[in-house]
Amino acid sequence: MLAKNIFILTGAGVSAESGLSTFRDKGGIWSQYRLEEVASIQGYERNPSFVLDFYNMRRNTHGGIEPNAAHVALAQLEEAWSARGGSVTLCTQNVDNLHERGGSKRVLHMHGEIAKARCHDCGALAPYDGDLSVNLGCAACGRTGGMRPHVVWFGETPLLMDEIYEALSAADLFVSIGTSGNVYPAAGFVAAARAAGMPTMEINLEASENAHLFDMGRYGKASEQVPAWVTEMVALAD
Ligand code: NAD
Ligand code: ZN
């Protein structure tokens, strides 16, 4: 087998063709909001209703979209690899659930999941796909006003990092898909992969600023490049 354990990092670009704007899109939602107001604990503490409404709006957008061919192909790769005794670790910076809906079984959401709510007071976590408001109470601790989206804000520590670094160090191929490589720690994964001696590849609309750190690059739409790569990998696997 070409690479037994594949580590894949995805970003907003993998969901772009499903209709979710990336963070860098001109005119996209992120150009209409100030990051520090909607994606920081300080912003939330200043104006919780404003922040909750922002995520309500995003969560509602997610309801009407479907996984694209890139999500589906990554699920096929996972299945093909596990059938052959290998593994695919899919680590995503995205808070949507399109990887799961595309069929992926194990997805590590390092920046959280918008379809879950977390209690700011006691940390209780539960699936929640309705609108959040400051009037909601926590089923676990009973306090009102602390139910927030389960997303990682700037200044907060990303989730599942031990599991992620363990999988990364055990991998023998690192692939980055649809991410600009600007936000750490995810932006540092490619350097960690190189240090561990594994080949690295990026699949992106165009070469990212970190392109020089990758041994290989495939450029174009994720919905075309990812299925083409997966087809080649599966053909070479036996
Ligand atoms: P990004 O918007 O920074 O980058 C998306 C990448 O996808 C770009 O390199 C773009 O060229 C590529 N892309 C766009 N359409 C594509 C397509 N159809 N096929 C393939 N590639 C395509 O998003 P990111 O890298 O996921 O951002 C990382 C993290 O940054 C996010 O998870 C989020 O937590 C955080 N964040 C960033 C900002 C910001 O303003 N940079 C704002 C809020 C949150
Ligand atoms: Zn609670």
Side-chain angles (χ1 to χ4, degrees), residues 8-40 43 51 54-55 58 65 67-71 73-74 91-96 98-99 107-114 116-126 128 132 136-159 175-190 201-211 214 217-229:
I8 297 173
L9 171 69
T10 65
V14 80
S15 295
E17 291 164 75
S18 293
L20 292 181
S21 64
T22 65
F23 299 103
R24 320 190 106 202
D25 276 345
K26 298 211 169 44
I29 50 168
W30 292 99
S31 63
Q32 299 157 32
Y33 289 86
R34 282 163 53 105
L35 203 55
E36 52 278 27
E37 274 175 25
V38 294
S40 75
V51 172
F54 172 76
Y55 287 95
R58 286 187 66 199
I65 57 168
N68 65 54
H71 299 105
L74 292 175
C91 171
T92 187
Q93 298 167 88
N94 299 339
V95 298
D96 65 59
L98 294 175
H99 282 307
V107 186
L108 304 177
H109 281 275
M110 64 181 291
H111 291 164
E113 294 164 82
I114 202 166
K116 289 184 179 169
R118 172 161 31 107
C119 174
H120 187 54
D121 294 310
C122 76
L125 181 64
Y128 194 84
L132 290 171
L136 277 178
C138 169
C141 73
R143 279 191 236 171
T144 298
M147 297 308 290
R148 57 167 277 185
H150 181 50
V151 299
V152 175
W153 288 326
F154 283 89
E156 295 184 315
T157 309
L159 310 170
V175 183
S176 167
I177 304 174
T179 174
S180 58
N182 280 323
V183 175
Y184 284 84
F189 290 174
V190 61
M201 177 170 81
E202 81 166 340
I203 302 179
N204 212 34
L205 203 51
E206 53 201 30
S208 70
E209 283 165 27
N210 287 336
F214 292 90
R218 289 178 171 236
Y219 299 108
K221 291 178 178 174
S223 67
E224 293 166 6
Q225 295 299 322
V226 177
W229 171 64

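Every number for a ligand or one of its atoms is a count from 1 in the order of the listing. Side chains are part of it too, since the values below use all heavy atoms of this structure and drop only hydrogens, waters and symmetry mates.
When the side chain to side chain donor-acceptor pair (under 3.5 Å) test is applied to Y55, the partners found at least two apart in sequence or on another chain are W153. Residues satisfying the side-chain contact (heavy atoms from CB on, under 4.5 Å) criterion with F23, sequence neighbours excluded, are A12, W30, R58.
Atoms of the protein (N, O or S only) found under 2.8 Å from the Zn ion (ligand 2) are C119 SG, C122 SG, C138 SG, C141 SG.
Panel note: side chain N68, backbone A70; a donor-acceptor pair is recorded below 3.5 Å. Put simply, the side chain of H111 never gets that close to the backbone of T92: no donor and acceptor are under 3.5 Å apart. Checked by atom type and distance alone, the side chain of E17 pairs as donor or acceptor with a backbone atom of S223 at under 3.5 Å.
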Next on the checklist: Apply side-chain contact (heavy atoms from CB on, under 4.5 Å) to residues F54 and E37 and explain how you reach the verdict.
Outcome noted: CA-CA 10 Å; F54 172 76; E37 274 175 25; over 6 Å; no
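Salt bridge annotation for R148-E156: present, with a cationic side-chain nitrogen under 4.0 angstrom from a carboxylate oxygen.
Distance check: I8 CD1 to L108 CG gives 11.5 Å after rounding to the nearest 0.5 Å. Here CD1 of I65 is found 6.5 Å from OG of S15. Values are rounded to the nearest 0.5 Å.
Under 4.0 Å from any atom of ligand 1, one finds heavy atoms of residues G11, A12, G13, A16, E17, T22, F23, R24, W30, L35, Q93, H111, F154, G178, T179, S180, V183, N204, L205, G220, K221, A222.
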